[in-house]
Amino acid sequence: MALNDYRATMQGCSRCSYCKFITLAHIKSWRFANGCPSIAYKGFHTYAAGGRLSAALSLFEGKSSYTEKFKEIVYQCQLCGLCDITCKLCRYDMDVLDTLRELRFKMVEDGQVLPQHTSLINNLRKEDTMVMKSGVRRGKWAQGLDVKDLNKERGSVVFHASCEATFGKGMEKVARTAVTILKSAGVDIGIMGQGEHCCGGKAYDLGYKAEFNRCAQNNIQAWTKAGVKTVVTSCSNCYFAFKRLYPKEADVNFKVAHTVEFIDGLIKEGRIKFSKNVPVTVTYHDPCHLGRLGEPYVPWNGTVTKVFGQITKHVPPKPRYIGAWGIYEPPRNVLKSIPGLKLVEMERIRENAWCCGAGGGVKEAYPEFSSWTAAERIEEAKSTEATALVSACLQCERNFMDAIKGNGQKMKVYDIVELVQQAL
């Protein structure tokens, strides 16, 4: 695909402003009605999806050129996908998120990149990770776990730890806990350890498609060699890459599951039984990549025609990704099954969830914007009177912890597997 293939979307925006708010039927208060962090933060239309589509069209038609402001407009966006699903509720023929990604692909091709992103990509090329650390530590998170090494033997289920769990400050405990829980439930799970590769999902979001393809092929080849049939991960970004992007860009035959899906199934089968109370009131944050962006990829090969020269018609009907089939129930099922735990919901949940602020390269390039976005979600969490914010995404959890620490607040942040472990 190329930016030209999305000309209909760039031209088709009707300036309805749906992209700025959560779906109107789910608004409960003015305070938490905003959906797009970028427009809420900047307060100017060009930072909304509709404004970015106009900017992309202007560039494509040669009416404007690259400037530092243009780059800021494009990259000061988490690519959370909220605009895409709200737009599609009334415009079935619009592909907003894909257009914004294609614009980034073009900018990378044209050398219009940010130095903060270039550093990440250079580290990916050198160390096979976009967390700015040396790759020599990749397998060390699993030391002492006595888990099968799929570099040396074959296995049908692999746990993909992710760069965030391997190199992120304090996050390896999530991977260790997840593997321990699955092993205790009798799952014959293995890891790639030092042979694990970056999923490439963040590179894709930054516009570096070639680097993403290399990561995808590295993982696919390693899993195929090891006889893997199912890939399990606690990282929502990796889940999105494996579930949505890999089938789009490569030929894959793997089942992909997030840890919360796996644990939910084990609880229902009676293979995980809780014996301890966890007396805490929590609220759950739906990660963008697990929720509205977590729908499986559905291939489409068809034709686009015009009815009466105006109305777009896809033959056969084109799949619509509106967030409805993301992973919403499994994490809530797990939380509700924990004795003593009380789950209270925020106003913006499921496909209407507010982004944590860390995605799309924003945390690295625009840290103040990232922190502001996280603080907005923390305020929403506090409004529920919960004492802890729970999620199933390492990047979300890290950004929330950083924001809470920076603001001097006291709300705790947990990954779901940590609460599961407490209840065992």
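Computed from a predicted structure; not experimentally measured.
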Item to complete: Kindly say whether G195 contributes a backbone atom to a donor-acceptor pair with the side chain of R138 at under 3.5 angstrom?
Response: no
Worksheet item: What heavy-atom pair brings I272 and I181 nearest, and what distance separates the two atoms?
Response: CD1-CG2, 3.8 Å
Discussion item. Taking G50's backbone N and O only, do any of them form a donor-acceptor pair with S54's side chain (distance below 3.5 Å, no angle check)?
Written reply: yes
Discussion item. Tell me if the aromatic rings of W223 and F254 count as close, with their centers under 6.0 Å from one another.
Written reply: yes
Worksheet item: What residues form a ring pair (Phe, Tyr, Trp, His ring centres under 6.0 Å) with H289, not counting sequence neighbours?
Response: F240
Item to complete: Would you please test H117 and Y208 for ring pair (Phe, Tyr, Trp, His ring centres under 6.0 Å) and show each step?
Response: CA-CA 10 Å; H117 295 170; Y208 292 83; 7.7 Å; no
Worksheet item: Between Y246 and C199, is there a donor-acceptor pair closer than 3.5 Å when you use the side chain of the first and the backbone of the second?
Response: yes
Discussion item. Looking at E269, I want to see if its CD is surrounded by more than 12 non-hydrogen atoms of other residues, nucleotides or ligands under 6.0 Å.
Written reply: yes
Worksheet item: Under 4.0 Å between a Lys/Arg side-chain N and an Asp/Glu carboxylate O for D93 and R91?
Response: yes
Practice prompt. Anything under 30° is parallel, anything over 60° is perpendicular, the rest tilted; go ahead and classify Y321 against Y297.
Written response: parallel
Practice prompt. Give a yes or no on this: more than 12 heavy atoms of other residues, nucleotides or ligands lie within 6.0 Å of atom CG of D146.
Written response: no
Worksheet item: Ion pair present between R7 and E61, side-chain N to carboxylate O less than 4.0 angstrom?
Response: yes
Practice prompt. Please report the closest heavy-atom contact between V390 and L419, naming both atoms and the distance.
Written response: CG2-CD1, 3.7 Å
Worksheet item: How about W30: does its CH2 atom have over 12 heavy atoms from other parts shown lying under 6.0 Å from it?
Response: no
Worksheet, complete the sentence: For E379, the salt bridge (Lys or Arg N to Asp or Glu O under 4.0 Å) test, sequence neighbours excluded, returns K382
Discussion item. Would you say OH of Y18 has more than 12 non-hydrogen atoms from neighbouring residues, nucleotides or ligands within 6.0 angstrom?
Written reply: no
Worksheet item: For N213, which residues count as a side-chain contact (heavy atoms from CB on, under 4.5 Å) partner, sequence neighbours excluded?
Response: K209, E249
Item to complete: Please determine if R292 and D286 form a salt bridge, counting it only when a charged side-chain N lies under 4.0 Å from a carboxylate O.
Response: no
Response to the item:
Checking T166, L120, N123, L124 against T129 for side-chain contact (heavy atoms from CB on, under 4.5 Å), the one that qualifies is N123
Worksheet item: If you round to the nearest 0.5 Å, how far is CG of L103 from CG of D98?
Response: 12.5 Å
Worksheet entry | Pair D264 + K336: basic N to acidic O under 4.0 Å | no
Worksheet item: Can you list every pair that meets side chain to side chain donor-acceptor pair (under 3.5 Å) and has a residue in residues 337-347, with sequence neighbours left out?
Response: S29-E347, R332-E345
Worksheet entry | Check: S383 side chain, E380 main-chain N or O, donor-acceptor pair, under 3.5 Å | yes
Discussion item. I'd like to know if D95 pairs up with K318 as an ion pair, taking the criterion as any Lys NZ or Arg NE/NH1/NH2 lying under 4.0 Å from an Asp or Glu carboxylate oxygen.
Written reply: yes
Worksheet item: Hey, is CD on E368 packed in by over 12 heavy atoms from elsewhere, all under 6.0 Å?
Response: no
Discussion item. Closer than 4.0 angstrom, basic N to acidic O: yes or no for E109 and R104?
Written reply: no
Discussion item. The test is side-chain hydrogen bond (donor to acceptor under 3.5 Å, both in side chains); show your working for Q78 and T373 and say whether it passes.
Written reply: CA-CA 10 Å; Q78 288 97 346; T373 306; 3.3 Å; yes
Discussion item. For F44, I'd like to know if atom CZ has over 12 heavy atoms of other residues, nucleotides or ligands within 6.0 Å.
Written reply: no
Fill in: CA sep, side-chain torsions, deciding dist, call: K42, E72, salt bridge (charged side-chain N to carboxylate O under 4.0 Å, His left out)
CA-CA 11 Å; K42 302 295 287 190; E72 178 195 314; 3.3 Å; yes
Item to complete: Using atom types as modelled and distance alone, determine if a side-chain donor or acceptor of K183 lies under 3.5 Å from a backbone N or O of L145.
Response: yes
Worksheet entry | Near-ring test F105/Y204, centroid separation under 6.0 angstrom | yes
Item to complete: Assess whether side-chain hydrogen bond (donor to acceptor under 3.5 Å, both in side chains) is satisfied between K20 and N34, documenting all intermediate values.
Response: CA-CA 6 Å; K20 300 173 183 177; N34 289 320; over 6 Å; no
Fill in: Cationic N near anionic O, under 4.0 Å, R214 to E211
no
Worksheet, complete the sentence: Here the gap from D415 atom CG to M171 atom CE, rounded to the nearest 0.5 Å, amounts to 6.5 Å
Discussion item. Test: ring pair (Phe, Tyr, Trp, His ring centres under 6.0 Å). Region: residues 392-424. Which pairs qualify, not counting sequence neighbours?
Written reply: H285-F400
Fill in: Heavy-atom donor-acceptor pair, E153 side chain to K148 backbone, under 3.5 Å
no
Discussion item. Strictly below 4.0 Å, N to O, side chains only: are E364 and K202 in salt-bridge contact?
Written reply: yes
Response to the item:
Scanning both residues in full, the closest heavy-atom pair of M411 with A381 reads SD-CB, 3.9 Å
Worksheet item: Is the backbone N or O of L82 less than 3.5 Å from a side-chain atom of T86, with the two atoms forming a donor-acceptor pair by type?
Response: yes
Worksheet item: Going through the distances and angles, do H197 and N219 end up as a side-chain hydrogen bond (donor to acceptor under 3.5 Å, both in side chains)?
Response: CA-CA 6 Å; H197 299 280; N219 276 311; 5.5 Å; no
Worksheet entry | Partners passing side-chain hydrogen bond (donor to acceptor under 3.5 Å, both in side chains) against T118 (at least two apart in sequence or in another chain) | none
Discussion item. Below 30° counts as parallel, above 60° as perpendicular, anything between as tilted: where do the rings of Y239 and H258 land?
Written reply: perpendicular
Fill in: Distance, nearest 0.5 Å, that separates CG of L290 from OG of S234
10.5 Å
Discussion item. I'd like to know if E164 pairs up with R398 as an ion pair, taking the criterion as any Lys NZ or Arg NE/NH1/NH2 lying under 4.0 Å from an Asp or Glu carboxylate oxygen.
Written reply: no
